[in-house]
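Down below is the structure, laid out as structure tokens.
FYI, the numbering just counts along the sequence from 1.
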Amino acid sequence: RDDADGVSFRENDISDWDALFGELITLHQRRWNNAGFPGLFFDDRQRLFQNEVIGIFRSRGWLWVSSLSSGGKRAAVRIGFKFHGRIYDYLSGFDETSPIARRRPGIALLLAMVSHANAEGIGTLDMLRGDEKYKFEMGPSSVALANVSISGR
């Protein structure tokens, strides 16, 4: 859907998956690197791993993806996974220099995920780990998680 300002919204359109995934990587990395962090795709091994896992989820129909474009340029991408009556908000990125950045495109895509979950009767949206401020704008509480590491011999 396009709006009067030339902003285009796409949901679950993976017809150009390689370009979409590449732009997600770029948007995600730029934001995290600008904040002084390595980002999820900090090396080729991580990129390959994420692409393989997301590809498996996509082939099983578990992937949810949305994007916003402004002036023909992708400005935000958000992906999540649908599994066993839940939707998991997994990864996003947006261009802080885009004209639509002030309209909080990441939140707009998260709200699209909420709308999608509601339309499909999905009762739980899990925003996964992390204490990012936006998560507490969406709900007042969090669930305590524990990290577990299993090492091979």
*Going from CG on D13 to OG on S67, what distance comes out if it is rounded to the nearest 0.5 angstrom?*
7.0 Å
*Does the N34 side chain pair with the main chain of R30, one donor and one acceptor, at a distance under 3.5 Å?*
yes
*Go through L20 and W17 one step at a time and tell me if the side-chain contact (heavy atoms from CB on, under 4.5 Å) criterion holds.*
CA-CA 5 Å; L20 182 68; W17 174 251; 3.8 Å; yes
*Is the shortest heavy-atom distance from the side chain of F81 to the side chain of R86 under 4.5 Å?*
no
*asked:* Tell me whether N33 contacts the main-chain N or O of P38 through its side chain, where contact means a donor paired with an acceptor under 3.5 Å.
replied: yes
*Roughly how far apart are N51 CG and D18 CG, rounded to 0.5 Å?*
7.5 Å
*What distance separates I122 CD1 from H84 NE2, expressed to the nearest 0.5 Å?*
12.5 Å
*Residue pair F57 / K82, side-chain heavy-atom distance below 4.5 Å*: no
*asked:* Just verifying a value: how many Å separate T97 OG1 and K73 NZ, rounded to the nearest 0.5 Å?
replied: 5.5 Å
*Considering only heavy atoms from C-beta outward, does the side chain of F41 approach that of L91 to under 4.5 Å?*
yes
_Nearest heavy atoms of I100 and S70, plus distance in Å_ = CG2-OG, 3.8 Å
*Are L24 and L48 linked, directly or through other ILVMFWY residues, by side chains that come within less than 4.5 angstrom of each other?*
no
*In Å and rounded to the nearest 0.5 Å, what is the CZ to CG distance from R58 to N12?*
12.0 Å
*Are side-chain heavy atoms of V65 and F21 found at a separation under 4.5 Å?*
no
*Which residues share a side chain to side chain contact (heavy atoms under 4.5 Å, CB included) with F49, sequence neighbours left out*: V53
_If hydrophobic clusters are built by linking Ile, Leu, Val, Met, Phe, Trp and Tyr wherever their side-chain heavy atoms come under 4.5 Å apart, do I56 and Y88 end up in the same one?_
yes
*Quick one: closest heavy-atom pair of R78 and W64, and the distance?*
O-CZ3, 3.9 Å
*asked:* I'd like to know if R10 and D16 make a salt bridge, using a cut-off of under 4.0 Å between side-chain N and carboxylate O.
replied: no
*Are the side chains of Q50 and Y90 in touch, meaning some heavy atoms are under 4.5 Å apart?*
yes
*Does E52 reach the main-chain N or O of R47 with its side chain, forming a donor-acceptor pair under 3.5 Å?*
no
*Looking at CH2 of W32 and CG of L40, how far apart are the two atoms once the value is rounded to the nearest 0.5 Å?*
9.5 Å
*Minimal non-hydrogen separation, R74 against S69, with atom names*: CA-OG, 3.6 Å
